[in-house]
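As the structure is a prediction and not an experimental result, all values here were calculated from the model.
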Amino acid sequence: MNWCSTSPTENAGYRCAKKARVDRPSSVQAKRAQGVAVVDFSVLNCTLCSCPLKRPVFQCIGRHLACGICLTKCPGEQCQMCEHGGGFTPCPIMDDIVSLAMVECSHDSCKSSIPYHELDNHESVCPHAPCYCTEPGCGFAGPPQVLLGHLAALHFVPMLTVKYGKVHRLRVSEPRFLLHGEGDDSAFLLTVGALGTAMVVSAVCIRAGVSPLPRYAVKLWVNGPPPPSSAAGKIKWELVTVMSSTRPGEVVVEELPSFLTVPPAYLVGSGASKEVTLAIRIDKM
């Protein structure tokens with residue numbers, strides 16, 4: 001009898017040590033067994049792309065499983081793993097299993113149960129994805145809010161709590177400055193660098209790199225130059241959508257596509273102790 005399953009040895013190297021929980025509430029037998037079955041993750045991976053199977057699932061005569069998308073890429077839709085090839089047919093049993101196989105997000109503090117084939121997509125945007133310390137040699141990683149506290153308490157990175165839509169003024173001299181969004185606990189990092197004799201400043205949101213929402217816009221400007229100059233002027237920079245990163249310490253402001261450039265005349269102090277007074281506004285979109 002064809003049970004639409006692959007041999008565990010055929011999928012060695014694919015997440016074989018992990019297990020999926022499959023809830024079958026409509027099955028009488030499943031209810032008697034408390035609604036849970038244990039399935040080896042190896043049977044839930046496509047034998048063609050090695051990624052989690054996605055519906056519709058097909059099976060060849062040699063019991064190799066493939067996603068419908070992968071199948072269209074096979075020459076003549078013939079199995080390339082079988083010695084003499086072989087056509088594929090739909091496997092509705094595996095369609096059901098793929099739909100019902102649930103796993104927990106691996107990120108601390110996230111208790112979401114996710115269909116196995118959607119796990120990678122979920123974890124790439126999960127708000128609990130670990131973010132990494134900006135300080136060289138420190139291996140700390142944690143959710144954005146925890147990292148914010150770590151940087152402020154252990155590495156003494158200056159921090160300011162900001163209200164969205166309100167202008168805040170801060171004096172910047174350090175290479176990094178933390179901003180804590182009031183209301184949603186979002187974390188931002190002002191990164192400061194040098195471009196010749198000028199200072200360059202930009203901002204990054206500390207969170208999963210592809211998190212789509214919410215989006216933030218940042219405006220930075222400098223009034224000056226400072227006394228004794230009598231000249232008046234304003235340098236303004238606006239970033240419509242702030243980039244996100246789980247590794248903000250690796251962001252090099254000079255390599256970003258956009259940043260605020262502050263000419264030497266607007267800086268106070270000399271050498272490494274130069275600083276500037278910035279006005280900043282963050283809008284939550």
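By the neighbour-count criterion of 12 heavy atoms within 6.0 Å, atom NZ of K284 is densely surrounded, having more than that number from other residues, nucleotides or ligands. Atom CG of L160 has more than 12 heavy atoms from other residues, nucleotides or ligands within 6.0 Å.
In this structure a side-chain-to-backbone donor-acceptor pair under 3.5 Å is present from D95 to V57. At least one donor-acceptor pair closer than 3.5 Å links the side chain of Q145 to the backbone N or O of D185.
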Q: For the pair H128 and S112, evaluate side chain to side chain contact (heavy atoms under 4.5 Å, CB included) and give the outcome as yes or no after the intermediate values.
A: CA-CA 11 Å; H128 301 281; S112 300; over 6 Å; no
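In summary, the side chains of R55 and S99 do present a donor paired with an acceptor at a separation below 3.5 Å, with no hydrogens or angles considered. Inspection of the E250 and S245 side chains reveals no N or O donor paired with an N or O acceptor under 3.5 Å.
Take Y132 and apply the side chain to side chain donor-acceptor pair (under 3.5 Å) test, not counting sequence neighbours, and it matches no residue. Residues that satisfy the salt bridge (Lys or Arg N to Asp or Glu O under 4.0 Å) test with E254, not counting sequence neighbours, are absent from this structure.
Transitive grouping of hydrophobic side chains (ILVMFWY, heavy atoms separated by less than 4.5 Å) keeps V162 and V204 in distinct clusters.
Contact of the P52 side chain with the L44 side chain is not registered, since no non-hydrogen atoms from C-beta on lie closer than 4.5 Å.
When each of V276, L260, T261 is checked for a side-chain contact (heavy atoms from CB on, under 4.5 Å) with M199, only V276 meets the rule.
Ring-plane geometry between F140 and H150 is classed as parallel, the angle between the planes falling under 30 degrees on a 0 to 90 degree scale with a further cut at 60.
Note that CD1 of I280 is 4.5 Å distant from CG of L190, once rounded to the nearest 0.5 Å.
The minimum heavy-atom distance between A187 and L148, with the atom names listed, is CB-CD1, 3.7 Å. Closest of all the heavy-atom pairs between P248 and T134 is CG-CG2, 3.7 Å.
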